[in-house]
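Positions are given from 1, in the same order as the sequence printed here. Indexing begins at 1, ligand by ligand and atom by atom, following the structure's order. Since the structure is predicted, the reported quantities are computational estimates derived from the model, not experimental observations.
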Amino acid sequence: MNSCVIGLQWGDEGKGKIVDILAENSDIVVRYSGGANAGHTVVVGDTKFKLHLLPSGSVRPGTTCVIANGVAVDPQVLLEEIETLGQQDITLNGRLFISGNAHLVMDYHKKEDQLREESLGKNKLGTTVRGIGPCYSDKVGRSYAVRMDDLADLENLKVKLQAIVDYKNKVFSALYDAVPISADELFDKCKVYSEKLSPFRTNTTQFLHKAIADGKSILFEGAQGSLLDLDHGTFPFVTSSNSSSLGMPAGCGVPAKTVDKFIGVIKAYTTRVGAGPFPAEQDNDIGQYIRDRGQEYGTTTGRPRRCGWFDAVPVSYAITIGAIDCIALMHLDTLSGLKELNICKAYEIDGEQTRFFPTNAAQLSRATAVYETVPGWEEEITEVSDFNDLPENAQNYVCRVEEMTGKPVTMIGVGPKRSQTIFR
Ligand code: GDP
Ligand code: IMO
Ligand code: MG
């Protein structure tokens with residue numbers, strides 16, 4: 001059985017928790033897109049792991065972890081993550097495999113991300129400043145790209161880095177009047193990356209196909225959310241990779257039909273970090289209530305997340321483009337205490353109602369949410385483990401989400417811990 005976990009909103013839906021739970025019955029967990037812009041939280045007992053590049057299965061000692069070709073690997077962040085797990089006696093030796101084709105996020109990518117965002121002022125995208133856009137730009141541009149495989153040939157890499165840094169410094173100086181970076185210092189860092197990461201480097205496409213032939217169970221871990229997909233999200237307020245399930249085959253060289261089940265993860269409400277239209281946003285007491293109860297602050301950047309009502313319009317769209325089979329509905333506990341809940345069931349755009357999600361940012365910014373109001377529930381539900389023990393209104397809310405999205409809710413999150421999950 002192979003599964004793929006996909007965020008159906010603007011990221012941070014709780015993918016890390018779901019992947020960690022499903023990893024118990026998986027042999028291999030694969031990250032295939034995005035980079036250290038992702039922040040996937042896994043809570044084990046009293047320990048909270050915040051993973052940016054390592055698959056969320058990595059906290060389980062017996063799980064094999066793959067970082068496939070589609071990931072933008074920041075070697076510095078990755079080494080820090082491996083070290084942090086090591087301090088907790090969790091070793092990745094012998095069970096982490098990184099694609100030689102994966103592109104590397106270099107210091108100049110992060111600098112470029114930061115300088116560009118700063119120069120855009122109020123028009124900035126609100127990126128995580130993790131160098132993601134510049135790294136993927138260099139991947140598409142090809143001439144100045146550095147991949148994991150380049151770490152195997154330091155002599156060539158030295159020459160290559162000098163040419164790239166010369167070019168980047170010209171750009172930094174001309175566009176931003178910024179201080180240049182040193183090719184020598186960068187190369188010294190790369191020598192360390194080469195030494196420490198080379199043992200993990202392999203052909204992950206070949207590795208995964210062998211695993212499939214051997215009947216291993218594989219769990220594919222999506223990063224970001226479908227609405228941040230470069231081609232199918234709310235452009236330009238998106239990330240620079242295909243973060244819907246459409247990115248999975250290209251990101252790891254395994255056809256989508258290998259996946260038996262695509263599991264979409266949503267929150268019982270909606271959040272978004274960074275700029276861009278958000279029709280169901282509640283920039284008011286309701287939004288603050290959700291932010292406080294749900295601890296809605298970015299896992300990677302610490303930024304307060306924008307919060308709003310559950311919006312069935314984009315979720316239905318993400319289900320359609322992603323061939324999603326079932327839903328994990330997270331953070332139901334966060335909604336306790338609200339007298340009434342709104343669910344966005346359609347948009348009104350230019351005087352017309354539609355249930356179709358417009359990804360054009362200008363059009364989406366003209367959309368007004370059309371709500372259906374349902375009764376809330378007072379009780380705390382963080383200890384509930386059986387669906388039938390949920391307050392009736394909470395049960396009805398889950399059923400309404402199912403009706404609106406047309407997909408069964410098979411898992412419900414009632415808290416951050418593994419045990420705080422209701423299976424149906
Ligand atoms: P991801 O990026 O999709 O993995 O999600 P994040 O880790 O960035 O953000 C989700 C946050 O919600 C984390 O702090 C999780 O520990 C937490 N979380 C996950 N599921 C639940 C849930 O059902 N209830 C509550 N209260 N917190 C949850
Ligand atoms: P996980 O995997 C939430 C958002 C940023 C910004 C936009 C572009 O934890 O769900 P980027 O740095 O990618 O160029 O930023 O995308 N973004 C995320 N938002 N969760 C994430 O990942 C995100 N990764 C990127 O906030 O709006
Ligand atoms: Mg996150």
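- At a heavy-atom distance under 4.0 Å, only side-chain atoms of Asp333, from C-beta outward, approach ligand 1.
- Contact atoms of ligand 1 toward Gly413: 23 (O) (distance under 4.0 Å to a heavy atom of the residue).
- Residue Gly39 places at least one N or O, backbone or side chain, under 3.5 Å from an N or O of ligand 2.
- Residue Gly11 places every heavy atom at 4.0 Å or more from ligand 1.
- Between Val265 and the options Glu13, Lys17, Met411, a side chain to side chain contact (heavy atoms under 4.5 Å, CB included) holds for only Glu13.
- Every atom of ligand 1 with a heavy atom of Arg305 under 4.0 Å away is listed here by number and element: 8 (O), 9 (O).
- Using a 4.0 Å cut-off between charged nitrogen and carboxylate oxygen, Arg60 and Asp20 count as a salt-bridge pair.
- Residues His103 and Tyr136 place their aromatic rings such that the two centres sit no closer than 6.0 Å.
- Every N/O-N/O distance between Gln420 and ligand 1 stays at or above 3.5 Å.
- Annotation for ligand 1: atoms under 4.0 Å from non-hydrogen atoms of Gly16 are 4 (O).
- With hydrogens left out, the protein atom closest to atom 7 (C) of ligand 2 is Val238 O, 3.8 Å, a heavy atom.
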Step-by-step side-chain hydrogen bond (donor to acceptor under 3.5 Å, both in side chains) determination, Gln282 to Asn284: CA-CA 5 Å; Gln282 298 300 300; Asn284 53 30; 3.0 Å; yes

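- Remark: Glu378 does not engage Lys339 in a salt bridge, criterion side-chain N to carboxylate O under 4.0 Å.
- In this structure, Arg272 forms no cation-pi arrangement with Phe278, as its terminal cationic atom is not both closer than 6.0 Å to the ring centre and no more than 45° off the ring axis.
- Residue His40 approaches ligand 1 through these ligand atoms, each under 4.0 Å from one of its heavy atoms: 1 (P), 2 (O), 4 (O), 7 (O).
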